[in-house]
Trainee: 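Handing you a structure now.
Reckoned from all heavy atoms, side chains included, excluding hydrogens, waters and symmetry mates. It should be emphasised that the depicted structure is a prediction, and the values quoted were computed from it without experimental measurement. Along the sequence shown, residues carry numbers from 1.
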Amino acid sequence: MDHATRLKRLKFRAWHRGTKEADLMIGGFFDMHGTRWTPAELDWFEALLEEQDVDIMGWAIGSMPTPPAWEGPMMTSMRSISYVPVAE
């Protein structure tokens with residue numbers, strides 16, 4: 001699959017998780033960083049999308065310990081949560 005198609009597919013999957021909270025967290029993370037990711041980082045994110053939303057969100061907000069397979073710079077970036085818009 002070419003790069004542009006892969007990005008579109010990942011964006012769709014990131015923004016159609018099933019709950020608004022997961023869409024904002026996972027989709028927002030992709031929108032903020034996805035176009036700059038290396039192929040290896042895209043592989044990581046694509047594999048992460050196979051996990052349950054409640055787990056991904058728990059790892060990102062720190063309410064659940066992150067398995068070693070997901071720990072690293074990408075999860076650290078996801079933990080910033082600065083990409084989720086907050087209504088004032």
Trainee: If I compare all heavy atoms of His33 with all of Ser77, which pair ends up nearest, and what's the gap?
Mentor: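 Heavy atoms of His33 and Ser77 come nearest at NE2-OG, 3.5 Å.
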Trainee: Applying side chain to side chain donor-acceptor pair (under 3.5 Å), can you list everything that pairs with Thr5, at least two apart in sequence or on another chain?
Mentor: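 With sequence neighbours excluded, Thr5 shows a side chain to side chain donor-acceptor pair (under 3.5 Å) to Asp2, given in chain and number order.
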Trainee: Not counting sequence neighbours, which residues clear side chain to side chain donor-acceptor pair (under 3.5 Å) with Ser80? List them please.
Mentor: Ser82
Trainee: Can you tell me which residue pairs pass the salt bridge (charged side-chain N to carboxylate O under 4.0 Å, His left out) test with a partner in residues 51-60, sequence neighbours excluded?
Mentor: Arg17-Asp53
Trainee: If a pair satisfies salt bridge (charged side-chain N to carboxylate O under 4.0 Å, His left out) and one of its residues is in residues 22-43, list it, with sequence neighbours excluded.
Mentor: Arg6-Asp43, Lys11-Asp31
Trainee: Please list all pairs passing the side-chain hydrogen bond (donor to acceptor under 3.5 Å, both in side chains) test where one or both residues lie in residues 57-66, with sequence neighbours left out.
Mentor: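 Every side-chain hydrogen bond (donor to acceptor under 3.5 Å, both in side chains) pair that includes a residue of residues 57-66, provided the two are not neighbours, is Thr66-Arg79.
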Trainee: Can you tell me how far CZ of Phe12 sits from CG of Leu49, rounded to the nearest 0.5 angstrom?
Mentor: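 With rounding to 0.5 Å, CG (Leu49) is 12.0 Å from CZ (Phe12).
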Trainee: Side-chain contact, heavy-atom cut-off 4.5 Å: Met64 with Met57?
Mentor: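 A side-chain contact is absent here, since even the closest heavy-atom pair is not under 4.5 Å.
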Trainee: Could you state the interatomic distance from CE (Met78) to CD1 (Ile61), rounded to the nearest 0.5 Å?
Mentor: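 The CE atom of Met78 sits 11.0 Å away from the CD1 atom of Ile61.
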Trainee: For the residue pair Leu42 and Leu7, establish whether any side-chain heavy-atom pair is separated by less than 4.5 Å.
Mentor: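 The answer is yes; the side chains approach within 4.5 Å.
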Trainee: Apply side-chain contact (heavy atoms from CB on, under 4.5 Å) to Glu50 and list each qualifying residue two or more places apart in sequence or on a separate chain.
Mentor: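 In terms of side-chain contact (heavy atoms from CB on, under 4.5 Å), with neighbours along the sequence ignored, Glu50 is linked to Arg13.
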Trainee: Taking only residues two or more places apart in sequence, or in another chain, which ones meet Trp37 in a ring-ring contact (aromatic ring centres under 6.0 Å, His included)?
Mentor: Phe29, Phe30, Phe45
